[in-house]
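A quick write-up on the structure given underneath.
All ligand and atom numbering here is 1-based and tracks the order in the structure.
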Amino acid sequence: MQRPQCSVYIATSLDGFIARPNGSIDWLSRVERPGEDYGYHGFFDSIDTIVIGRKTYETALGFASWPYAGKRCVVLTHSRPPSDHGQTFFSGPPNVLMQSLSEAGSRRVYVDGGSVISQFLASELIDDVTVSIVPLLLGEGLRLTRDLGRDIGLELVQTRAFESGLVQLQYRVHPPGRAAAPAPV
Ligand SMILES: NC(=O)c1ccc[n+]([C@@H]2O[C@H](COP(=O)([O-])OP(=O)(O)OC[C@H]3O[C@@H](n4cnc5c(N)ncnc54)[C@H](OP(=O)(O)O)[C@@H]3O)[C@@H](O)[C@H]2O)c1
């Protein structure tokens with residue numbers, strides 16, 4: 001059984017942070033522009049499943065409305081919070097989760113949250129990465145990746161620059177030992 005394509009779509013500061021030390025993403029508002037979503041809705045329409053860490057889940061719960069409506073949502077956590085939006089909870093290694101998502105019919109998975117992205121990268125499960133660099137230096141915060149254990153090669157697919165100063169980079173991931181995935185980004 002072919003495993004689902006796994007994709008990262010995330011915003012960082014120029015110095016590589018996804019959130020302030022307290023988890024705040026207030027700085028993303030600097031690049032909000034009417035009518036410009038930086039390709040997010042097109043990407044969101046292409047995925048059927050989202051896998052997020054518990055901390056990213058808590059951020060999502062603070063939004064005005066549940067941002068993952070219509071998608072299968074799996075929250076990684078060692079606890080068992082209430083499921084308010086049909087999401088399920090999972091604890092364990094990414095490859096075990098991916099096996100069950102394959103069996104459940106997932107085709108493309110949006111992987112989000114720095115800790116979770118790092119584990120999926122370390123497990124050679126990420127196929128493509130889209131990073132939107134916000135023109136800002138935070139100086140401190142939560143890093144996009146941690147403890148990867150090795151270098152991970154990336155192939156640049158596309159770059160786009162926007163009027164707001166945001167620069168978006170799309171990469172394919174080529175883990176050692178695996179042929180280049182033909183998956184679209
Ligand atoms: N800039 C952006 O575009 C962007 C995107 C997404 C998120 N963010 C921000 O990034 C921050 C969150 O990132 P983060 O790296 O700190 O946290 P995270 O990846 O969202 O969540 C980490 C938590 O997930 C759970 N977890 C992770 N791996 C697990 C596993 N294998 N099995 C069971 N549970 C597992 C643990 O929860 P428990 O402690 O409950 O066990 C862990 O504390 C938030 O502030 C969020 O707003 C920013």
What pairs meet the salt bridge (charged side-chain N to carboxylate O under 4.0 Å, His left out) rule with one or both residues in residues 49-77, with sequence neighbours excluded?
R54-E58
Which residues pass the side-chain hydrogen bond (donor to acceptor under 3.5 Å, both in side chains) test with D84, sequence neighbours left out?
none
Per-pair distances, ligand 1 N/O vs protein N/O, less than 3.5 Å:
{"from": "ligand 1", "atom 1": "1 (N)", "to": "A11", "atom 2": "O", "distance (Å)": "2.8"}
{"from": "ligand 1", "atom 1": "1 (N)", "to": "I18", "atom 2": "O", "distance (Å)": "2.9"}
{"from": "ligand 1", "atom 1": "3 (O)", "to": "A11", "atom 2": "N", "distance (Å)": "3.1"}
{"from": "ligand 1", "atom 1": "15 (O)", "to": "G114", "atom 2": "N", "distance (Å)": "3.2"}
{"from": "ligand 1", "atom 1": "15 (O)", "to": "S115", "atom 2": "N", "distance (Å)": "2.7"}
{"from": "ligand 1", "atom 1": "15 (O)", "to": "R146", "atom 2": "NH1", "distance (Å)": "2.7"}
{"from": "ligand 1", "atom 1": "15 (O)", "to": "R146", "atom 2": "NH2", "distance (Å)": "2.9"}
{"from": "ligand 1", "atom 1": "19 (O)", "to": "S115", "atom 2": "N", "distance (Å)": "3.2"}
{"from": "ligand 1", "atom 1": "19 (O)", "to": "V116", "atom 2": "N", "distance (Å)": "3.4"}
{"from": "ligand 1", "atom 1": "20 (O)", "to": "T56", "atom 2": "N", "distance (Å)": "2.9"}
{"from": "ligand 1", "atom 1": "20 (O)", "to": "T56", "atom 2": "OG1", "distance (Å)": "2.6"}
{"from": "ligand 1", "atom 1": "21 (O)", "to": "R54", "atom 2": "N", "distance (Å)": "3.4"}
{"from": "ligand 1", "atom 1": "21 (O)", "to": "K55", "atom 2": "N", "distance (Å)": "3.3"}
{"from": "ligand 1", "atom 1": "24 (O)", "to": "R54", "atom 2": "N", "distance (Å)": "3.1"}
{"from": "ligand 1", "atom 1": "24 (O)", "to": "L76", "atom 2": "O", "distance (Å)": "3.3"}
{"from": "ligand 1", "atom 1": "28 (N)", "to": "Q119", "atom 2": "NE2", "distance (Å)": "2.7"}
{"from": "ligand 1", "atom 1": "31 (N)", "to": "G92", "atom 2": "O", "distance (Å)": "2.8"}
{"from": "ligand 1", "atom 1": "31 (N)", "to": "Q119", "atom 2": "OE1", "distance (Å)": "2.9"}
{"from": "ligand 1", "atom 1": "32 (N)", "to": "G92", "atom 2": "N", "distance (Å)": "3.2"}
{"from": "ligand 1", "atom 1": "34 (N)", "to": "T77", "atom 2": "N", "distance (Å)": "3.1"}
{"from": "ligand 1", "atom 1": "39 (O)", "to": "R54", "atom 2": "NH2", "distance (Å)": "2.8"}
{"from": "ligand 1", "atom 1": "40 (O)", "to": "R54", "atom 2": "NE", "distance (Å)": "2.8"}
{"from": "ligand 1", "atom 1": "40 (O)", "to": "T77", "atom 2": "OG1", "distance (Å)": "2.6"}
{"from": "ligand 1", "atom 1": "41 (O)", "to": "H78", "atom 2": "N", "distance (Å)": "2.8"}
{"from": "ligand 1", "atom 1": "41 (O)", "to": "H78", "atom 2": "ND1", "distance (Å)": "2.6"}
{"from": "ligand 1", "atom 1": "45 (O)", "to": "G23", "atom 2": "O", "distance (Å)": "2.7"}
{"from": "ligand 1", "atom 1": "47 (O)", "to": "T59", "atom 2": "OG1", "distance (Å)": "2.7"}

Could you work out, with side chain to side chain contact (heavy atoms under 4.5 Å, CB included) as the rule, every residue matching P21, not counting sequence neighbours?
E140
Do R33 and F162 form a cation-pi contact, if we require the NZ or CZ to be under 6.0 Å from the six-membered ring centre and within 45 degrees of the ring's axis?
no
Strictly distance-based, threshold 3.5 Å: is any side-chain N or O of T88 a donor or acceptor partner for the main-chain N or O of V74?
no
Under a 3.5 Å distance rule, please check whether S24 uses its side chain to pair with a backbone N or O of D26 as donor and acceptor.
yes
